[in-house]
Student: 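Please read through the structure below; I'll follow up with questions.
We count ligands from 1, going down the list as the structure has it; atoms in each ligand are counted the same way. Computed from heavy atoms alone, side chains included, the values below leave out hydrogens, waters and symmetry copies. Residue numbers run from 1 in the order of the sequence given.
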Amino acid sequence: MQSCDENSWQKDLRDVVTDPEKLLSLLNITPDEYLKHFTARKLFPVRVPLPFIKRMKKGDFSDPLLQQVMPLAKEFVVTEGFTVDPLAEHDTVAEGLLHKYKHRVLMIVKAGCAVNCRYCFRRHFPYQDNSPNKQRWQSALTYISEHSEISEVIFSGGDPLMASDDHLTWLVTQLEKIPHVTRLRIHSRLPVVIPNRITTSLVNLLSNTRLKSVMVLHINHPNEIDGYLIKALELLRQARIPLFNQSVLLKNINDNSTTLCELSEQLFDAGIQPYYLHLFDPVQGAAHFDVTEQEAVTIANEMLATLPGFLMPKLVREIAGQTNKTPINLA
Ligand code: SF4
């Protein structure tokens with residue numbers, strides 16, 4: 001029998017808001033003056049779960065959470081240097097498997113996400129060609145078993161936690177049979193936007209596997225952290241699953257040291273270790289989120305002067321084809 005938790009996250013998923021007019025109405029924002037933006041949903045569909053909407057400020061179109069998910073007419077602007085595949089990820093080594101780093105592979109466990117973030121570097125990813133199922137996972141598992149240098153498997157997507165706990169259990173069980181795989185990392189934004197996704201069965205799976213499990217969350221702004229999320233994460237903390245966070249530096253969302261210092265403090269209070277602050281990946285349709293490297297360095301230096309070292313995320317850029325993330329020199 002499924003727990004109440006498991007039913008509720010799937011209900012939240014079914015209830016995601018996909019209409020920008022409804023999204024604005026829920027926030028007491030009259031849609032009329034924003035109609036010109038709505039067609040940008042054709043470039044990348046709108047998806048926003050209600051628990052995330054509840055953390056937005058009513059009546060404020062510039063709310064930093066709303067601006068991460070609201071389609072804007074600016075997305076039609078074609079910007080030189082911005083591409084549909086900024087990290088050259090569209091070539092997979094097996095179906096749904098990316099092998100960018102020597103000892104780690106990234107497995108597209110599930111196409112699609114609970115939330116569609118407008119700045120997403122995978123907004124053009126051909127998920128329809130990489131729509132995972134057990135047969136496709138099997139091809140990825142075969143590749144992993146034949147490459148003994150792979151010690152860590154990263155579940156990604158889309159969002160890997162879109163998969164049911166039963167499917168995740170099957171997949172983890174298969175990975176456990178491959179002796180050289182010792183670590184499982186889950187990259188997910190789903191618990192942030194639907195905290196009920198942290199079910200007891202998921203926690204049991206991660207804490208009972210022989211693989212060392214790590215979860216990397218994706219939180220960009222302190223307003224994304226509320227009591228509901230903190231309470232859900234408590235289950236993972238009690239199970240001693242290490243929690244890390246990565247953020248993306250985004251224009252007019254979090255591009256100042258005050259916001260980012262507050263984010264680090266709140267992450268720590270919630271038991272999450274700040275890990276990476278990513279420079280924006282130049283994906284076509286989202287250039288309005290870009291923060292220059294020079295601006296990023298200024299912000300990071302201000303953070304360094306304010307935060308204790310252990311709360312300072314590493315400022316990095318991902319460059320297609322490189323074997324690791326590139327740290328940005330703050331000097
Ligand atoms: S949750 Fe992650 S992968 Fe999904 S749209 Fe947002 S940034 Fe992209």
Student: Is it true that F61 and Y34 have ring centroids separated by less than 6.0 Å?
Tutor: yes
Student: Out of curiosity, is H218 lining ligand 1, as in a heavy atom under 4.0 Å away?
Tutor: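 Yes, that is the case, since the closest heavy atom of the residue is under 4.0 Å from the ligand.
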Student: Within ligand 1, which atoms have a heavy atom of C113 less than 4.0 Å away?
Tutor: 1 (S), 3 (S), 4 (Fe), 5 (S)
Student: Do NZ/NE/NH1/NH2 and the carboxylate oxygens of E234 and K231 come within less than 4.0 Å?
Tutor: no
Student: With a 4.0 Å cut-off on N to O distance, would you call E75 and K42 a salt bridge?
Tutor: no
Student: Numbering the atoms of ligand 1 from 1, which are under 4.0 Å from a heavy atom of R189?
Tutor: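 Those qualifying, in numeric order: 1 (S).
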Student: Is the distance from atom 8 (Fe) of ligand 1 to some N, O or S atom of C120 under 2.8 Å?
Tutor: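 True for C120.
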Student: For residues 258-287, which residue pairs qualify under salt bridge (Lys or Arg N to Asp or Glu O under 4.0 Å), counting only residues two or more places apart or in two chains?
Tutor: none
